[in-house]
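These values consider heavy atoms only, across backbone and side chains, with no hydrogens, waters or symmetry-generated copies. A note on names: the letters A, B, ... follow the listed sequences, proteins ahead of strands, and every chain is numbered from 1.
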Protein chains: 2
Amino acid sequence: MTNITIQDIANEAGVSKATVSRVLNNSQAVDPITRNRIQTIIEKRHFVPSATARNLSKRTSDTIGFVVPEIDNPFFGDILRGVIEIIDANNLTLICCNTDDNMDKDLKALEMLKEQRVRGLLYTPAIDYSTEEEKKRLGKILKEMQTPVVLMDRRISLADVGGVYFDDYHGMYNATKALIEHGHTKIAIINASLDRVLARDRRDGYMAALKDAGIEPDPRYNLEGNYRMTQAYELSKKLLAMEDRPTAVITCNNRTSLGFYKALRERGEKTPRDIALIGLDRIEELDVMGYEMNYIERDAKELGKRAIEMLINRMAFPGKAVRDVILDTHVKIYKI
Amino acid sequence: MTNITIQDIANEAGVSKATVSRVLNNSQAVDPITRNRIQTIIEKRHFVPSATARNLSKRTSDTIGFVVPEIDNPFFGDILRGVIEIIDANNLTLICCNTDDNMDKDLKALEMLKEQRVRGLLYTPAIDYSTEEEKKRLGKILKEMQTPVVLMDRRISLADVGGVYFDDYHGMYNATKALIEHGHTKIAIINASLDRVLARDRRDGYMAALKDAGIEPDPRYNLEGNYRMTQAYELSKKLLAMEDRPTAVITCNNRTSLGFYKALRERGEKTPRDIALIGLDRIEELDVMGYEMNYIERDAKELGKRAIEMLINRMAFPGKAVRDVILDTHVKIYKI
DNA sequence: GTAACCCATGTAACCGGTTTCAATAAACAT
DNA sequence: ATGTTTATTGAAACCGGTTACATGGGTTAC
């Protein structure tokens, strides 16, 4: 009933388990005849060695942790897809965690992954931490994991932690610029919390474009949300109801775009007739349907690939200096 | 540099590692004073015991395998989300695999999960196996895993394997019926491969509705695909170009719906003006945008929850008879 | 013929936990 | 005071692999 072990194979082959282990790992010369005999038995018995025992013995594992805030968001789904492709190609194993953008769940997930002794960590931190203390705690836990960490999409400044990010600064800059070139001056941005570097980058790109065009930014157009559709919807509702409302809007992820659209639609309005929109991230379904949403394109699958590649590299060369990867973005305009 | 172990804690506390283990597991009475001392040290040192060692010693694990064909498809993303919620609540660990609907990758993933000695398996088999031999091989591997298996969404008849499925028969029946009631008689179905039970169920539901209405089915309207957008697109293109083409179409998943729309749009046509459509599965983005696609609703997240719940139950009561769960579907019609 | 070497394999310790069993001391009963 | 029970803890084996080191037979060199 119980699982067959290396000892069972050794017994049946009349050798010691060391020899079987050598066959399994191709680690030392084994007499071809013996090797053959052992391999035959292994196949006949469908013996698969226990990764648990191997990991314990080797004091390592081939397991990678993957922690993101919203696994059912296509953005992270695409990232995950990219990650898994490389994972498969390298015979690694992926443990997935979802945090709902809730730092408590982040910490719980990291704890669990430490317990699992993962070899590396791919991580998009929750948006909701704020205090310096929480940040410190996070940094400490990451350090304690004794394992390379690669951040995805969202940056936190921590020593020794690499990351793959999008160039949201220029994404926002170019999107804003495109709107300005089409005559817009009252441009709103539905951003995430400015506590976070990424959101500040986006705001900076947006501000820089305004400044370069000599447009005075209106603080009322500078919205802070949390990446969720519901909140973007609420913010948009207010925004659209303003008497001096903007003529163009930029969002900060796919959910925010949808939230904006929902609010807009409720008013019986639409883009670009009543207001212009440039969304952050393509929404595949809309594109296929021929629904022409302008967007800042970011290749999430590519980000996933680059992140896991960086992680594997860091696993291979632990000492090597960390260098972030910044991925380009492209502004795709149908009609403003 | 290396990880701190139970022995380190024991040394520092001046006790044996057995006692530390007892504290960790609350498994036996330990003098409150000793317990306190040990716990303090554990916290001070941020000791997290190795799951690997524990698993080896206990000859079990808290790890669940999750194998699906297309992790970046929102349908599976939703399932995954449901699964993870329950996983978290039960302090389990989830290993994710993607198969691209390719049975070779299925087998490779299952092998890997066996190696990891997972406690249970959530599995949506690839669509592309066909021969009896392959099916046998799959059954054998699943049996060899010595672990409960719960199938998700796609059924294969194997002894001792439970599953959670949607009632696609009635979904299709009701969708077809709705179309008929709106006057359609030439109704096409873009299905998956009829090698599979699920696709046959759907065809049966569709056929039954036609029969109940006294409509002779047209074999040319009975399309077989592979769940992918590209193929649905090709099939739809041909279908729409037929001279005696159907007046209504039913698809078999979200990708198929999009493929159909793409083909339709290329012809400058749209629903429901030129042809009626009922898609299988809601497409959230379209719904939010107010794009009124009729659909057969299936709650994928709920399926995920039910599947992992069933799995946990089977882990707890290994002997218990297997009983499948069939989830209802609802036809949502905007305009036909 | 013997020393030096190589090849194939076995022995045993080890990884970091859990668990059974035994030991000791304190508490209790008589 | 002595025997019995109970509470707390330690010693040691075990889980299923890996690996450093030892062993022994067969070659080769001289």
Side-chain angles (χ1 to χ4, degrees), chain A residues 1-39 41-42 45-63 93 112 114-119 145-146, chain B residues 1-39 41-42 45-63 93 112 114-119 145-146:
Chain A
M1 197 63 254
T2 176
N3 261 309
I4 177 166
T5 75
I6 201 175
Q7 184 68 64
D8 299 329
I9 303 296
N11 290 148
E12 188 162 345
V15 298
S16 74
K17 50 185 195 157
T19 302
V20 179
S21 174
R22 288 192 266 258
V23 170
L24 286 173
N25 297 291
N26 260 320
S27 52
Q28 259 183 63
V30 172
D31 189 304
I33 299 176
T34 316
R35 163 180 302 264
N36 231 299
R37 182 156 34 99
I38 293 175
Q39 258 160 354
I41 296 174
I42 287 176
R45 297 267 173 266
H46 299 103
F47 169 62
V48 178
S50 154
T52 309
R54 176 169 11 95
N55 291 343
L56 179 61
S57 181
K58 292 200 176 178
R59 256 147 303 170
T60 172
S61 80
D62 295 325
T63 304
T93 298
M112 185 270 275
K114 184 181 176 191
E115 204 171 316
Q116 298 291 333
R117 301 293 191 263
V118 293
R119 265 301 288 290
M145 293 194 74
Q146 309 222 28
Chain B
M1 199 63 251
T2 174
N3 262 308
I4 177 166
T5 73
I6 201 174
Q7 184 68 63
D8 299 328
I9 303 295
N11 290 149
E12 189 163 343
V15 298
S16 74
K17 50 184 195 156
T19 304
V20 179
S21 173
R22 288 191 266 260
V23 170
L24 287 173
N25 297 290
N26 259 320
S27 52
Q28 257 180 65
V30 172
D31 188 304
I33 298 175
T34 314
R35 161 180 305 265
N36 232 299
R37 181 157 35 98
I38 292 175
Q39 258 161 353
I41 297 175
I42 286 177
R45 296 267 172 266
H46 299 104
F47 168 63
V48 179
S50 154
T52 309
R54 178 173 3 99
N55 291 343
L56 179 61
S57 182
K58 291 200 177 179
R59 256 147 303 169
T60 170
S61 81
D62 295 324
T63 305
T93 297
M112 186 270 275
K114 185 182 176 191
E115 204 171 317
Q116 297 291 333
R117 301 292 192 263
V118 294
R119 266 300 289 290
M145 293 193 73
Q146 310 222 29

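Counting any heavy atom pair closer than 4.0 Å across all strands shown, B:Val20 reaches no nucleic acid atom. As judged by a 4.0 angstrom heavy-atom cut-off over every strand, A:Ser16 is placed among the base-contacting residues. Within the 4.0 angstrom heavy-atom criterion, only backbone atoms of the sugar-phosphate kind lie near B:Thr34; the bases stay farther away. Looking at heavy-atom distances under 4.0 Å, B:Ser21 makes contact with a base.
As rounded to whole Å, 10 Å separates atom C1' of D:dT9 from atom CD1 of B:Ile38. Taking atom CG of B:Leu24 as the reference point, atom P of C:dT19 lies 12 Å away to the nearest angstrom. Distance CD1 (A:Ile6) to P (D:dT19): 11 Å, rounded to an integer number of Å. Going from atom CZ of A:Arg22 over to atom P of D:dT19 covers 11 Å, rounded to whole Å. What separates CZ of A:Arg35 from C1' of C:dA8 is a distance of 12 Å, to the nearest Å. Atom CD1 in A:Ile9 sits about 9 Å away from atom P in D:dG17, given to the nearest Å. Distance, B:Ile4 CD1 to C:dC15 C1': 16 Å, rounded to whole Å. Distance CD (A:Gln28) to P (C:dC6): 15 Å, rounded to an integer number of Å.
In this structure, CD in A:Glu12 is found 11.0 Å from CD1 in A:Ile38, a value given to the nearest 0.5 Å. Note that CD1 of B:Ile9 is 12.5 Å distant from OG of B:Ser21, once rounded to the nearest 0.5 Å.
Comparing B:Pro32 and B:Ala18 along DNA chain D, the residue whose closest nucleotide (by nearest heavy atom) sits nearer the 5' end is B:Pro32. Of the two residues contacting DNA chain C, namely A:Gly14 and B:Phe47, the nearest-nucleotide position lying further toward the 5' end is that of A:Gly14. Toward the 5′ end of DNA chain D lies the nearest nucleotide of B:Arg37, the other residue of the pair B:Arg37 and A:Ser50 mapping further downstream.
Taking 3.5 Å as the limit, the base of C:dG16 and the side chain of A:Arg117 contain no donor-acceptor pair of atoms between them.
A:Phe47 places none of its side-chain heavy atoms less than 4.5 Å from the side chain of A:Ile41.
Checked by atom type, the side-chain pair A:Asn25/A:Arg54 shows no donor-acceptor distance below 3.5 Å. Side-chain polar atoms of A:Asn26 and A:Arg35 form a donor-acceptor pair below 3.5 angstrom.
Smallest separation of non-hydrogen atoms from A:Ser50 and B:Arg117: N-NH2, 3.4 Å.
In the set C:dT20, C:dA12, D:dG16, the nucleotide with an atom closest to the side chain of A:Thr5 is D:dG16. Among the nucleotides D:dA13, D:dT18, D:dA11, the one closest to any side-chain atom of B:Lys17 is D:dA13.
When atom types are taken as modelled, the side chain of B:Arg119 and the backbone of B:Asp62 share no donor-acceptor pair closer than 3.5 angstrom.
For DNA chain D, the neighbouring residues in residues 52-59 of chain B, judged by any heavy atom under 4.0 Å, are B:Leu56, B:Ser57, B:Arg59.
Side-chain N/O atoms of A:Asn25 include one lying less than 4.0 angstrom from OP1 or OP2 on D:dT18. Proximity of A:Thr19 to the phosphate of C:dG10: a side-chain N or O atom is located under 4.0 Å from OP1 or OP2.
Partner of A:Asn3 under the side-chain contact (heavy atoms from CB on, under 4.5 Å) criterion, chosen from B:Arg59, B:Gln146, B:Met145: B:Gln146.
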